[in-house]
Undergrad: 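Sharing a structure here in structure tokens format.
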Amino acid sequence: MSARSVEVVLTKAGRTKIRYPADVVSDDGRRLTVRAPWAAEGVRDFGFVRFEPGDVFVEHYWRDRWYAVKEVRSADGTLKGWYCDVTRPAAVEGDEVVVEDLDLDLWVSADGSEVLRLDEDEFAASGLAAADPEAAACAVVALDELEVLGREGLIDLLGAGPSH
């Protein structure tokens with residue numbers, strides 16, 4: 001039996017940012033976990049981590065949470081850390097997973113020594129707070145929750161076992 005594949009579609013401000021194929025690892029109806037290689041062209045150096053060809057992402061998407069958590073490993077399996085996207089809850093329809101990026105992100109290094117809030121300036125400039133105050137409030141709460149989990153060394157538990 002071959003693994004089920006899906007297409008992950010990341011949107012932002014009504015436009016598709018990126019789409020890529022991923023293999024489904026598990027789906028309990030609430031959380032969908034997929035595995036995919038680094039999908040962008042070339043290397044992306046953030047300063048605190050480099051994403052590059054060969055990297056593998058195990059991505060957790062919830063239908064009822066305002067974030068996605070992506071465990072990042074190098075080609076040799078070394079854990080780089082967790083990249084967390086603040087998003088609207090994932091819409092899983094057929095073989096497509098659509099996730100709307102709300103700009104806010106969090107990085108947690110593999111050893112937990114770095115927990116970085118990212119793109120708060122982009123979020124402020126996005127106009128979401130004025131256009132959809134409820135969604136903006138949910139996004140801020142999600143980032144705060146992720147930061148607490150990162151600082152307490154619990155971010156990896158989001159991908160462990162049954163959905164929380």
Side-chain angles (χ1 to χ4, degrees), residues 4-22 24-36 38-41 44-49 51 55 57-72 80-109 114-160 162-164:
R4 178 176 155 227
S5 292
V6 293
E7 189 86 3
V8 176
V9 182
L10 185 63
T11 66
K12 186 171 179 176
R15 295 193 326 267
T16 298
K17 274 179 59 175
I18 191 169
R19 75 171 38 238
Y20 53 91
V24 174
V25 174
S26 66
D27 186 357
D28 66 8
R30 183 170 173 224
R31 183 187 69 206
L32 171 70
T33 299
V34 302
R35 185 177 189 275
W38 169 238
E41 295 280 325
R44 179 119 186 244
D45 190 339
F46 292 94
F48 50 86
V49 67
F51 294 161
D55 284 353
F57 289 66
V58 175
E59 305 175 355
H60 305 278
Y61 297 99
W62 284 266
R63 292 167 174 92
D64 61 351
R65 293 190 187 180
W66 287 72
Y67 54 76
V69 175
K70 301 171 182 183
E71 179 188 273
V72 185
K80 291 185 175 188
W82 294 268
Y83 196 91
C84 308
D85 285 318
V86 174
T87 67
R88 290 184 189 270
V92 182
E93 297 172 13
D95 291 335
E96 201 170 71
V97 181
V98 180
V99 185
E100 183 182 348
D101 185 351
L102 299 178
D103 293 307
L104 295 172
D105 301 299
L106 186 85
W107 170 253
V108 180
S109 62
E114 279 188 310
V115 178
L116 306 173
R117 293 171 73 106
L118 307 170
D119 304 328
E120 289 178 295
D121 54 337
E122 286 182 34
F123 177 73
S126 73
L128 185 65
D132 190 343
E134 187 176 329
C138 288
V140 170
V141 167
L143 183 63
D144 290 345
E145 180 181 331
L146 288 166
E147 182 179 14
V148 167
L149 291 169
R151 294 201 182 282
E152 292 179 353
L154 301 174
I155 201 81
D156 61 322
L157 294 180
L158 288 174
S163 293
H164 295 40

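Scope of the values below: all heavy atoms of this structure, side chains included, with no hydrogens, waters or symmetry mates. All values derive from a computational prediction rather than experimental measurement. Position 1 is the first residue of the sequence, and the numbers go up from there.
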Undergrad: Taking all non-hydrogen atoms of both residues into account, name the closest pair between Ala129 and Ala136 and its distance.
TA: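 Smallest interatomic distance, heavy atoms only, reads CA-CB, 3.6 Å.
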Undergrad: Report the distance from atom CD of Glu59 to atom CZ of Arg35, rounding to the nearest 0.5 Å.
TA: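 So the CD of Glu59 and the CZ of Arg35 are separated by 11.0 Å.
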Undergrad: Rounded to the nearest 0.5 Å, what separation is found between the CD atom of Glu100 and the CG atom of Leu10?
TA: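 It is 9.5 Å, given to the nearest 0.5 Å.
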Undergrad: Main chain of Arg31, side chain of Arg65: is a donor-acceptor contact present, judged purely on distance under 3.5 Å?
TA: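 No, because the side chain of Arg65 does not come within donor-acceptor range (under 3.5 Å) of the backbone of Arg31.
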Undergrad: State, yes or no, whether a side-chain contact exists between Val99 and Asp85 at a heavy-atom distance under 4.5 Å.
TA: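 A side-chain contact under 4.5 Å is absent here.
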Undergrad: Pick from Val86, Asp119, Val148, Asp103: which one makes a side-chain contact (heavy atoms from CB on, under 4.5 Å) with Leu143?
TA: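 Exactly one option meets the side-chain contact (heavy atoms from CB on, under 4.5 Å) with Leu143, and it is Val86.
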Undergrad: Does a side-chain heavy-atom distance below 4.5 Å link Asp64 with Pro89?
TA: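 A side-chain contact is absent here, since even the closest heavy-atom pair is not under 4.5 Å.
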Undergrad: Given the rule in the side-chain contact (heavy atoms from CB on, under 4.5 Å) test, do Leu102 and Trp66 qualify, once you have shown the distances and angles that lead to the verdict?
TA: CA-CA 9 Å; Leu102 299 178; Trp66 287 72; 3.7 Å; yes
Undergrad: Start with the C-alpha gap between Arg88 and Asp132, add the side-chain angles, then the distance that decides, and say whether salt bridge (Lys or Arg N to Asp or Glu O under 4.0 Å) holds.
TA: CA-CA 12 Å; Arg88 290 184 189 270; Asp132 190 343; 3.0 Å; yes
Undergrad: List the steps and the verdict of side-chain contact (heavy atoms from CB on, under 4.5 Å) for Trp82 and Leu149.
TA: CA-CA 11 Å; Trp82 294 268; Leu149 291 169; over 6 Å; no
Undergrad: Could you go through the side-chain contact (heavy atoms from CB on, under 4.5 Å) check for Arg4 and Asp27 one step at a time?
TA: CA-CA 11 Å; Arg4 178 176 155 227; Asp27 186 357; 4.0 Å; yes
Undergrad: Tell me if a side-chain donor or acceptor on Arg63 pairs with a main-chain N or O of Val92 at a distance below 3.5 Å.
TA: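 A pair under 3.5 Å: no.
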Undergrad: Using side-chain heavy atoms (C-beta onward) and a distance below 4.5 Å, is Arg117 in contact with Asp144?
TA: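 Result yes, sub-4.5 Å side-chain heavy-atom pair found.
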Undergrad: So which of Val108, Leu116, Leu106, Ile155 actually passes side-chain contact (heavy atoms from CB on, under 4.5 Å) with Glu147?
TA: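 By the side-chain contact (heavy atoms from CB on, under 4.5 Å) criterion, Glu147 pairs with just one of Val108, Leu116, Leu106, Ile155: Leu106.
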Undergrad: Assign the ring pair Phe46 / Tyr83 to parallel, tilted or perpendicular, where the plane angle (0 to 90°) is split at 30° and 60°.
TA: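 Tilted.
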Undergrad: Can you name the closest pair of heavy atoms from Ala22 and Val8 and give their distance?
TA: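 Heavy-atom minimum between the residues: CB-CG2, 4.0 Å.
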Undergrad: Can you check side-chain contact (heavy atoms from CB on, under 4.5 Å) on Lys70 and Tyr61, steps first, answer last?
TA: CA-CA 9 Å; Lys70 301 171 182 183; Tyr61 297 99; 3.6 Å; yes
Undergrad: How long is the gap from SG on Cys138 to CD on Glu145, to the nearest 0.5 Å?
TA: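 Between Cys138 SG and Glu145 CD, I get 11.0 Å after rounding to 0.5 Å.
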Undergrad: Should the pair Asp101-Arg15 be classified as a salt bridge under the 4.0 Å nitrogen-to-oxygen rule?
TA: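 Not counted as a salt bridge, because no side-chain N and carboxylate O are separated by less than 4.0 Å.
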Undergrad: Is the ring pair Phe57/Phe51 parallel, tilted or perpendicular, if the boundaries are 30 and 60 degrees?
TA: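 Answer is perpendicular, since the angle exceeds 60°.
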Undergrad: Which heavy-atom pair separates Leu104 from Ala139 by the least distance, and what is that distance?
TA: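 For Leu104 and Ala139, the tightest heavy-atom pair comes out as CD1-O, 3.8 Å.
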Undergrad: Let me confirm one number: the CG-CG distance from Leu146 to Leu158, rounded to the nearest 0.5 Å.
TA: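 Here the interatomic distance stands at 7.0 Å.
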